[in-house]
Protein chains: 2
Amino acid sequence: MSLQPLIDHFDRFIPLEAGEKLLLDGRVSQRSIKRRQAILQEGFPCKHYSFVVAGCFRMYAIDQSGVEHTILFATENEWIADIGSFHSGQPSKLFVEAVEPSVILQIEQKDLYFLYLNVPKLDRIFKVIVENKYVELQNRLLQTISSTAQERYLAFLDAYPNLASRLPNTQIASYLGITPEFLSKIRKTIAS
Amino acid sequence: MSLQPLIDHFDRFIPLEAGEKLLLDGRVSQRSIKRRQAILQEGFPCKHYSFVVAGCFRMYAIDQSGVEHTILFATENEWIADIGSFHSGQPSKLFVEAVEPSVILQIEQKDLYFLYLNVPKLDRIFKVIVENKYVELQNRLLQTISSTAQERYLAFLDAYPNLASRLPNTQIASYLGITPEFLSKIRKTIAS
DNA sequence: AAATAGACTTAAACTGGTTTAAGATCTGAA
DNA sequence: TTCAGATCTTAAACCAGTTTAAGTCTATTT
């Protein structure tokens, strides 16, 4: 197992010292996840922060009518977790599932708390990580409430040019907050 | 000027020591803000993190057609800032405006960075603050993409029972992502 | 008391997006 | 190679929410 992608990731925020890197040993575990395999399911607490080394994940909720709503995608070098459930221990209302075969590095709650205590830099690093995720989410919310479906689709293509081809149409629609049928319609209008 | 509300706020996360509290002196400034007065305007970088001591603020964006979209409200003991613009120095795309006469405590970027360096606890505290804000925003996004306007309105009443009466109807509508006219319609259906 | 203006409501016509249903295309397993 | 299950598209009827426009209700100013 290699922690290198994670260490590189941290180093890009603040360089860690050798001793700090050693503390990571045994507190991070690597897993290979198959396409469509879930790493978090509704009703269970979120036990890990997961760092995507390779592949892609999708976080979504299922509403009362059984419709899926995609909150975000996480690709290489991104973190994915239900932060609320992770800290509170309460059952999550979300699913996190691999969109394609993936490799992740996971940290359990007790290990992450240990690391926060013993590598104070990590408080700073994760503060910045969460700030960045917050800004992203705020932009997504703003776009969701202020643009038409077509604008959102074009913005999605623009923001994630490589993701669009890796995802089934239904998942793109569920991210955009529309039906797959309407996504087809949009594509048709754009093409002409 | 009293820093007490801010100190109490920090203490609720991790108690600060006397020396740490002293470092806040001169790095936090108090301002009284009139109803409708802006503390951040589109086109200007966000220079401060603002802590609401009393009153209420609204963060919104104006789209190409001149329509306002409310992203969030911040009331007593909450922080409000355009985090992205604050750290990058880039012009903000957002407005932040007092909904009612308010009092805030503001920290400028250089002062906050100084405090992060000299009071490492603040890295931890702000990590937790941003995490909480992230969770809130994620719930809001999820609700926006998965519920009807009426469901969102009822949830809003439930989550902010006291806010509803303090706000003009147009601002509630802009938070819910609907027109004031449709909000009237919803109220009528609920009442009957 | 009258005048002005901002906030809220009502209602009819309209539109962006959904629903339902059917057909087309693709994929992988046997 | 073929068959079965997904996935994608098309189209018509439908509905949630918008637009436009007019009217009501306060509150404040004069």
Side-chain angles (χ1 to χ4, degrees), chain A residues 34-38 56 58 60-70 73 97-101 141 143-157 163-192, chain B residues 34-38 56 58 60-70 73 97-101 141 143-157 163-192:
Chain A
K34 288 184 218 153
R35 185 174 130 88
R36 295 214 170 258
Q37 185 181 342
C56 179
R58 180 170 74 102
Y60 63 95
I62 298 187
D63 69 18
Q64 312 92 316
S65 340
V67 179
E68 290 183 5
H69 301 279
T70 297
F73 295 104
E97 199 179 278
V99 161
E100 51 191 45
L141 175 68
Q143 215 199 26
T144 302
I145 63 183
S146 69
S147 321
T148 63
Q150 175 158 337
E151 287 165 342
R152 264 139 53 209
Y153 176 57
L154 292 172
F156 170 77
L157 289 184
L163 244 188
S165 56
R166 288 152 81 181
L167 293 172
N169 229 322
T170 48
Q171 290 181 11
I172 296 177
S174 121
Y175 177 84
L176 296 175
I178 57 175
T179 57
E181 291 83 357
F182 192 56
L183 179 52
S184 273
K185 218 178 192 173
I186 290 175
R187 284 189 158 155
K188 203 179 157 194
T189 358
I190 291 173
S192 61
Chain B
K34 287 184 217 151
R35 185 175 131 88
R36 295 216 170 256
Q37 185 181 341
C56 178
R58 180 170 72 102
Y60 62 95
I62 299 187
D63 69 17
Q64 311 92 317
S65 341
V67 179
E68 289 184 6
H69 300 279
T70 297
F73 296 105
E97 200 179 276
V99 161
E100 51 191 44
L141 174 67
Q143 214 198 28
T144 303
I145 62 182
S146 68
S147 322
T148 63
Q150 176 159 335
E151 287 165 343
R152 264 140 51 209
Y153 177 58
L154 292 172
F156 171 78
L157 289 185
L163 244 187
S165 57
R166 288 151 83 181
L167 293 172
N169 229 320
T170 48
Q171 289 181 11
I172 297 177
S174 122
Y175 177 84
L176 296 175
I178 57 175
T179 57
E181 289 84 357
F182 192 56
L183 179 52
S184 273
K185 220 178 193 174
I186 289 175
R187 283 189 159 155
K188 202 180 158 193
T189 358
I190 290 173
S192 63

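- B:Ser146 is not listed as a side-chain neighbour of A:Val67, based on a closest heavy-atom distance of 4.5 Å or more.
- Of the candidate nucleotides C:dT9, D:dG17, C:dG16, D:dG17 has the atom nearest to the side chain of B:Lys185.
- Set against C:dT10, C:dG17, D:dT9, the side chain of A:Ala149 has C:dG17 as its closest nucleotide.
- Regarding B:Gln171, its CD atom lies at a distance of 14 Å from the C1' atom of C:dC8, rounded to whole Å.
- Rounded to an integer number of Å, the gap from B:His69 NE2 to D:dG17 C1' is 14 Å.
- Residues passing the side-chain hydrogen bond (donor to acceptor under 3.5 Å, both in side chains) test with A:Glu97 are A:Tyr60, sequence neighbours excluded.
- For the pair A:Arg152 and A:Glu181, both in contact range of DNA chain C, the more 5′-proximal nearest nucleotide belongs to A:Arg152.
- Remark on the helix from C:dA1-D:dT30 to C:dA30-D:dT1: inter-end axis angle 40°, axes from five-pair C1' superpositions, rounded to 10°.
- Rounded to whole Å, atom P of D:dT7 lies 14 Å from atom CZ of A:Arg187.
- At a threshold of 4.0 angstrom between heavy atoms, the contacts of B:Arg36 are confined to the sugar-phosphate backbone, with no base atom among them.
- A sub-4.0 Å separation between OP1 or OP2 of C:dG6 and a side-chain N or O of B:Asn169 is absent.
- Annotation: side chain of A:Thr170 is in contact with side chain of A:Pro180 (closest heavy-atom distance under 4.5 Å).
- Rounded to whole Å, atom P of C:dG16 lies 15 Å from atom CD1 of A:Ile190.
- One can place CD of B:Glu68 at 15 Å from P of D:dT18, the figure rounded to the nearest angstrom.
- A straight line from CZ of B:Phe182 to P of C:dT9 spans 14 Å, rounded to a whole angstrom.
- Counting only heavy atoms from C-beta on, A:Ser184 has its side chain closest to D:dT10 among D:dT10, C:dG17, C:dC8.
- Side-chain atoms of B:Arg152 and B:Ser147, non-hydrogen and from C-beta on, do get closer than 4.5 Å to each other.
- Residues A:Arg35 and A:Val99 form no side-chain contact, since every pair of their non-hydrogen atoms from C-beta on lies 4.5 Å or further apart.
- Using a 4.5 Å heavy-atom cutoff, the side chains of B:Arg187 and B:Asn169 are in contact.
- Candidate nucleotides D:dG17, C:dT18, D:dC8 were compared by shortest atom distance to the side chain of A:Ile178, and C:dT18 ranks first.
- Atom-to-atom, CD1 of B:Ile145 to C1' of C:dG17 comes out at 15 Å; the value is rounded to the nearest Å.
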* **Worked check of salt bridge (Lys or Arg N to Asp or Glu O under 4.0 Å) between A:Glu68 and A:Arg58** => CA-CA 11 Å; A:Glu68 290 183 5; A:Arg58 180 170 74 102; 2.9 Å; yes

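- With distances taken from any side-chain atom of B:Thr179 to the nucleotides D:dT19, C:dC8, C:dT19, the minimum falls on D:dT19.
- Protein atom CG of A:Leu183 is 12 Å distant from nucleotide atom C1' of C:dG17, rounded to whole Å.
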